Amino acid sequence: MHALIGTWKMCLSGAKEGFGLLAAGSSAADAVERTIVRVEDEPGYTSVGYGGLPDSDGHVMLDAAFMDGGSLRMGGVMSVENVRNPIRLARALCGRETNCLLAGRGAEQAAVSFGLPLRDMRTEYAMDKWKAAVPEKHERLSAYRGHDTVCVLALDDAGGMVAGTSTSGLFMKAPGRVGDSPVIGSGFYCDARYGAAAATGLGEDIMRGCLSYEIVSLMRRGAAPKEACEEALRGLVARKLQLGEDEGSISLIALSPDGRFGAATTLSVFPFAAGAADEIALYAADGRCSPLRRVTEQEMEGEP
Ligand code: ASP
């Protein structure tokens, strides 16, 4: 059995390629990398990789992670600039016994040592957006639309499972701000015995609930992927409401070792690509926990 799930409509074409690799017998690691690289390389996606929107100082600072569910090893980078494909760097760091999570300059140096290409990740469009936003001085990061992380979970025919994430984080974030995406247990988690999970949305909230680890723990105790996503989300949202906060902007995905996938969201619609066995397609979850429905790209027009 092979399966793959990835967040947002933007990952659909990459997910089709990643799924094709799985169908041809490739590893979950290759499928995750291929899917995410496709999103990172596309300048039109302004929340991931090349073309990502800058921090308040005008720097495009990227976070990414890669976790192998067989060994429980992870690699990650935080606040890295000029690395063309942060997911490839995260994968290269995964497997190291030490120094597997690197930030800033050290991460960029590691990319050079692995022979990974560097590039100026700023596009004219992103810098124009930044120049226009500077006078507004964003005091508080809010859950605006469009800061979406690509998260991909894959299962290969040999039972291998991998989770990967890549993001430029929030537009106009404070220099040095890191969200959940490279933080193990929050932005992603993968244990091939029980399943994999990942999160997108406001990182500051996702980290409060260690949501990805929570989902995999629920699957360990027998929950199906969709049920686990819903229960983990319900727990954090209930606490936020109790504290007088709003429910926030959080979307979650999960995959089980037998190829079932699930998702949950606080949004009215959360598109994601998913497939098992022989077909991958676009689906949507909604904030009312309705059954996941298959959708077309046209229906999701205007959604990320
Ligand atoms: N989770 C990411 C962050 O907080 C952004 C997102 O996925 O929307 O950096």
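Note that the structure is a prediction, hence the values are computed from the model and not measured. Positions are given from 1 along the sequence. Each ligand, and each atom within it, is numbered from 1 in the order the structure gives.
The shortest side-chain heavy-atom distance between Trp8 and Val150 does not fall under the 4.5 Å cut-off.
Atoms CZ and CD, on Arg91 and Glu33 in that order, are 5.0 Å from each other to the nearest 0.5 Å.
When hydrogens are left out, the protein atom nearest atom 9 (O) of ligand 1 is Arg177 NH1, 2.7 Å; that is the closest non-hydrogen contact. The closest protein non-hydrogen atom to atom 5 (C) of ligand 1 is His147 O, 2.9 Å. In terms of protein heavy-atom proximity, atom 7 (O) of ligand 1 is nearest to Thr149 OG1, 2.5 Å.
When only modelled atom types and interatomic distance are considered, Ser181 and Thr165 share no side-chain donor-acceptor pair under 3.5 Å.
In terms of polar-atom proximity, defined here as any N/O pair under 3.5 Å, Gly201 does make such a contact with ligand 1. Here's the thing with Gly169: none of its N/O atoms is less than 3.5 angstrom from an N/O atom of ligand 1.
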Let me check something: any side-chain donor-acceptor pairs from residues 104-111 under 3.5 Å, sequence neighbours excluded? List them with distances.
none

Show every donor-acceptor pair shorter than 3.5 Å between a side-chain atom in residues 74-82 and any protein atom, with sequence neighbours excluded, or say none if there are none.
| unit_1 | atom_1 | unit_2 | atom_2 | d |
| --- | --- | --- | --- | --- |
| Glu81 | OE2 | His59 | ND1 | 2.5 |

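With ligand atoms numbered from 1 in the order given, ligand 1 contributes 6 (C), 7 (O), 8 (O) to contacts under 4.0 Å with heavy atoms of Thr200. The Ser181 neighbourhood of ligand 1 comprises atoms 1 (N), 2 (C), with distances under 4.0 Å to a heavy atom of that residue. Atoms of ligand 1 found under 4.0 Å from any heavy atom of Asp180 (numbered from 1 in listed order, with element): 1 (N), 2 (C), 3 (C), 4 (O).
Using a 4.0 Å cut-off between heavy atoms, Ser249 makes no contact with ligand 1 at all.
With Tyr50 as the aromatic partner, Arg119 meets the cation-pi criteria of under 6.0 angstrom to the ring centre and within 45 degrees of the ring axis.
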* To do: Assess whether ring pair (Phe, Tyr, Trp, His ring centres under 6.0 Å) is satisfied between Tyr283 and Phe261, documenting all intermediate values.
  => CA-CA 11 Å; Tyr283 289 82; Phe261 57 83; 5.2 Å; yes

